[in-house]
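All remarks here apply to the structure that follows.
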Amino acid sequence: MKHVYALILMLFTLCAFSQSRKIPIDTMVVTTHTTSIKNKSITYTATTGTQPVWDKKGDPMATLYYTYYERTNVKDKANRPLLISFNGGPGSASVWMHIAYTGPKVLNLDDEGYPVQPYGVKDNPNSILDIADIVYVNPVNTGYSRMVANKEGKLPERDNFFGINADIKYLAEWVNTFVTRKNRWESPKYLIGESYGGTRVMGLANELQSRQWMYLNGVIMVSPADYKLYSTGQPVYSALNLPYYAATAWYHKMLPPELQQKDLLDLLPEVESYAINNLMPAIAKGGFISETEKQEVAKQVAHFSGLTEKEVIQYNLDVPTSYFWKALLRDKSGQTIGRLDSRYLGIDKTESGNSPDYNAEISSWSHSFTPAINYYIREHLNFKTDIKYNMFGNVHPWDKRNDNVRDDLRQAMAENPYLKVLIQSGYYDGATTYFAAKYTMGQIDPSGKLKDRFTFKGYRSGHMMYLRKDDLISANDDIREFIEQASSKGKAAKYTRD
């Protein structure tokens, strides 16, 4: 009988303390912290939690998980910049820049960005929290953000969220609510987006201005993915890969001596010029290119890329990036190189083949980011839930139709004389290459009348350039400088004839 009573008591306890595995729709946890940034003591609050996305009837159809860092004891709050941060994917949580770039904590990494156990976080003495408050936003199905069922238990239609324009529309509404709740309408505002986040913030700039009447001072794109460029096919996108090939071959010491002895930044302008003026038109000729020209171009592409002329000819001058990652070191070490950061090395089952078995850099990053963000949110920010933190969430199929974000950004800049743009790219990024980012920058405003409001910064690392210690320092400083340059400084928002 004693055992029966014990069993009944155990069952009662389980029932009493069990709960549905759901994220709260509207909640927050606030913690206070102190850190040192640029050798100055900084006190701040961290607010983390969820905020709803409402449907047309005013009912919640999703809730977004966010983390908001706000420096305390700031006298002039109206002039304090607010940075609204997104990552990409689409389908990626806002984890990467949060705990490795601009936030007050960074991962335990070595100086080149490789994971070091024990996995976790440490203070970031380079965070931009000294000069700007930051909110990291997780779109639906990323992080702890989820769709919300209605009263009948039915989830909203996926096309409310999962597409270029749907994503922009609901996030703009969410940002409006956030800015209102946090009383930040007076503050200078900046968007920052990494990878697909570049597409997102280009569109958000115009959506916020035209639909939410929220004007910005700056847009920052980190390793931006421009889907308009990807969908154009050949020869444009293919030719733009050559400077990346040259940078990566230079890093791995696979170039001829006369190129290898140059500094990277002395080499790249020559390759960029060749890609635009020679390789692009050569590929455009297709099968009607003369045999003489084809051989000449193949020789030069091989010279710049570390591949052989035979390989370039076999691909009709259009060498895929996947082949490059597999083949560059095939005859040297037999290793593959990373996609998002080609400094990383991998080991395949066979040295033959046309593409690597896996992405070496993603495997390395997953080592450190996943345990660190789960630990950090629970133990430092005190937000506890049984919901799984989605590093990458289910957002596909993603609707890529009606991609007008380039024009959206140009329109936002034209209508807002304050608005400036910063692009940051790593030279060894083979997914969203630095030269493709430069090309996009030129295509946003073909008139050239806005070009003085664009800034490009390159770094000797990959897609997440901030993982490398030297670039973590310089990239954050570049954001500081950009925010200062994009400040109104009391000047009126107007054009002059000068």
Side-chain angles (χ1 to χ4, degrees), residues 53 62 64 66 82-94 97 135-142 145 158-179 189-232 393 395-416 418-425 431-432 436-437 439-446 450 453-454 486:
V53 176
L64 301 192
Y66 70 92
L82 173 65
L83 189 70
I84 305 164
S85 181
F86 299 93
N87 273 100
S92 171
S94 288
M97 291 194 293
V135 58
Y136 298 91
V137 186
N138 294 272
V140 172
N141 278 4
T142 72
S145 300
R158 292 173 65 87
D159 60 10
N160 285 301
F161 312 106
F162 305 138
I164 289 176
N165 294 300
D167 178 78
I168 289 167
K169 183 177 180 180
Y170 89 82
L171 286 174
E173 290 279 351
W174 190 94
V175 168
N176 184 310
T177 302
F178 177 85
V179 168
K189 299 170 190 66
Y190 297 80
L191 300 177
I192 182 170
E194 182 179 50
S195 197
Y196 180 81
T199 291
R200 177 176 283 138
V201 298
M202 281 195 283
L204 267 174
N206 192 49
E207 183 72 12
L208 285 169
Q209 291 187 181
S210 63
R211 305 289 185 187
Q212 306 296 331
W213 309 283
M214 183 182 296
Y215 285 73
L216 307 170
N217 283 66
V219 170
I220 304 165
M221 292 185 277
V222 180
S223 305
D226 179 2
Y227 276 52
K228 196 81 168 181
L229 177 60
Y230 300 155
S231 64
T232 58
V395 302
H396 296 286
W398 190 263
D399 187 354
K400 301 175 185 177
R401 294 174 297 174
N402 302 316
D403 178 4
N404 298 307
V405 297
R406 281 187 193 169
D407 288 339
D408 289 339
L409 180 56
R410 191 211 65 81
Q411 187 69 22
M413 295 178 72
E415 294 180 2
N416 179 1
Y418 282 154
L419 182 54
K420 294 180 173 63
V421 176
L422 169 65
I423 293 179
Q424 299 181 300
S425 293
T432 58
Y439 181 87
T440 293
M441 188 166 60
Q443 298 304 308
I444 290 171
D445 173 43
L450 304 176
R453 289 156 65 185
F454 286 89

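All residue numbers refer to positions in the sequence shown, counting from 1.
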Problem set entry | Side chains of Gln212 and Asn176, donor plus acceptor under 3.5 Å | yes

For this session: Check for a donor-acceptor pair, side chain of Asn141 on one end and backbone N or O of Gly393 on the other, with a separation under 3.5 Å.
Result: no

Problem set entry | Close side-chain approach of Tyr196 and Ile164, heavy atoms under 4.5 Å | yes

Seminar exercise, completed: Here the pair of heavy atoms bringing Pro224 nearest to Ser425 is CD-OG, 4.0 Å

For this session: Check whether any side-chain heavy atom of Val421 lies under 4.5 Å from a side-chain heavy atom of Ile444, and answer yes or no.
Result: no

Exercise. Does Tyr66 have any ring-ring contact (aromatic ring centres under 6.0 Å, His included) partners at least two apart in sequence or in another chain, and if so, which?
Worked result: Trp174, Phe178

Problem set entry | Side-chain donor-acceptor contact under 3.5 Å, Tyr227 with Trp398 | no

Seminar exercise, completed: Taken in chain and number order and not counting sequence neighbours, the residues that satisfy salt bridge (Lys or Arg N to Asp or Glu O under 4.0 Å) with Asp167 are Arg200

Exercise. Do you know which two heavy atoms are closest between Thr432 and Ser195, and how far apart they sit?
Worked result: CG2-OG, 4.4 Å

Exercise. Within the side chain of Asn138, is there an N or O that forms a donor-acceptor pair under 3.5 Å with the backbone of Leu64?
Worked result: no

For this session: For Asp445 and Leu450, indicate whether the former's side chain and the latter's backbone hold a donor-acceptor pair under 3.5 Å.
Result: yes

Exercise. Where do Ala436 and Leu229 come nearest, in terms of heavy atoms and distance?
Worked result: CB-CD2, 3.6 Å

Exercise. Between the side chain of Ser94 and the main-chain N/O of Val137, is any donor-acceptor distance below 3.5 Å?
Worked result: yes

For this session: Any chance you could measure Leu208, atom CG, to Tyr215, atom OH, to the nearest 0.5 Å?
Result: 11.0 Å

Problem set entry | Tyr439 and Asp226: CA distance, side-chain angles, deciding distance, side chain to side chain contact (heavy atoms under 4.5 Å, CB included) verdict | CA-CA 10 Å; Tyr439 181 87; Asp226 179 2; over 6 Å; no

For this session: List for me each residue that meets side-chain contact (heavy atoms from CB on, under 4.5 Å) alongside Lys189, sequence neighbours excluded, and say none if there are none.
Result: Val179, Met214, Leu216

Problem set entry | Minimum-distance pair of heavy atoms, taken over all atoms of Asn217 and Ala486 | ND2-O, 2.9 Å

Exercise. Side chains of Asn404 and Lys228: closer than 4.5 Å at any heavy-atom pair?
Worked result: yes

Seminar exercise, completed: CG (Asn165) and CG (Asp399) are apart, to the nearest 0.5 Å, by 7.5 Å

Exercise. Heavy atoms, side chains only, cut-off 4.5 Å: are Phe86 and Val175 in contact?
Worked result: yes

Exercise. OH of Tyr136 to CD1 of Ile192: how many Å apart, nearest 0.5 Å?
Worked result: 8.0 Å

Exercise. Do you know which two heavy atoms are closest between Ser92 and Pro139, and how far apart they sit?
Worked result: O-CD, 4.4 Å

Problem set entry | Spacing of Met202 atom CE and Glu207 atom CD [to the nearest 0.5 Å] | 15.0 Å

Problem set entry | Closest contact, heavy atoms only, Met97 versus Ser85 | CE-OG, 3.4 Å

Exercise. Is there a donor-acceptor pair closer than 3.5 Å between any side-chain N or O of Arg406 and the backbone N or O of Thr440?
Worked result: no

Problem set entry | Passing candidate, side-chain contact (heavy atoms from CB on, under 4.5 Å) with Leu83, options Leu191, Val135, Ile220 | Ile220

Exercise. Roughly how far, to the nearest 0.5 Å, is CE of Met441 from CG of Leu409?
Worked result: 12.0 Å

Exercise. If you round to the nearest 0.5 Å, how far is NZ of Lys420 from CE of Met413?
Worked result: 8.5 Å

Exercise. Between the side chain of Tyr170 and the main-chain N/O of Val140, is any donor-acceptor distance below 3.5 Å?
Worked result: yes

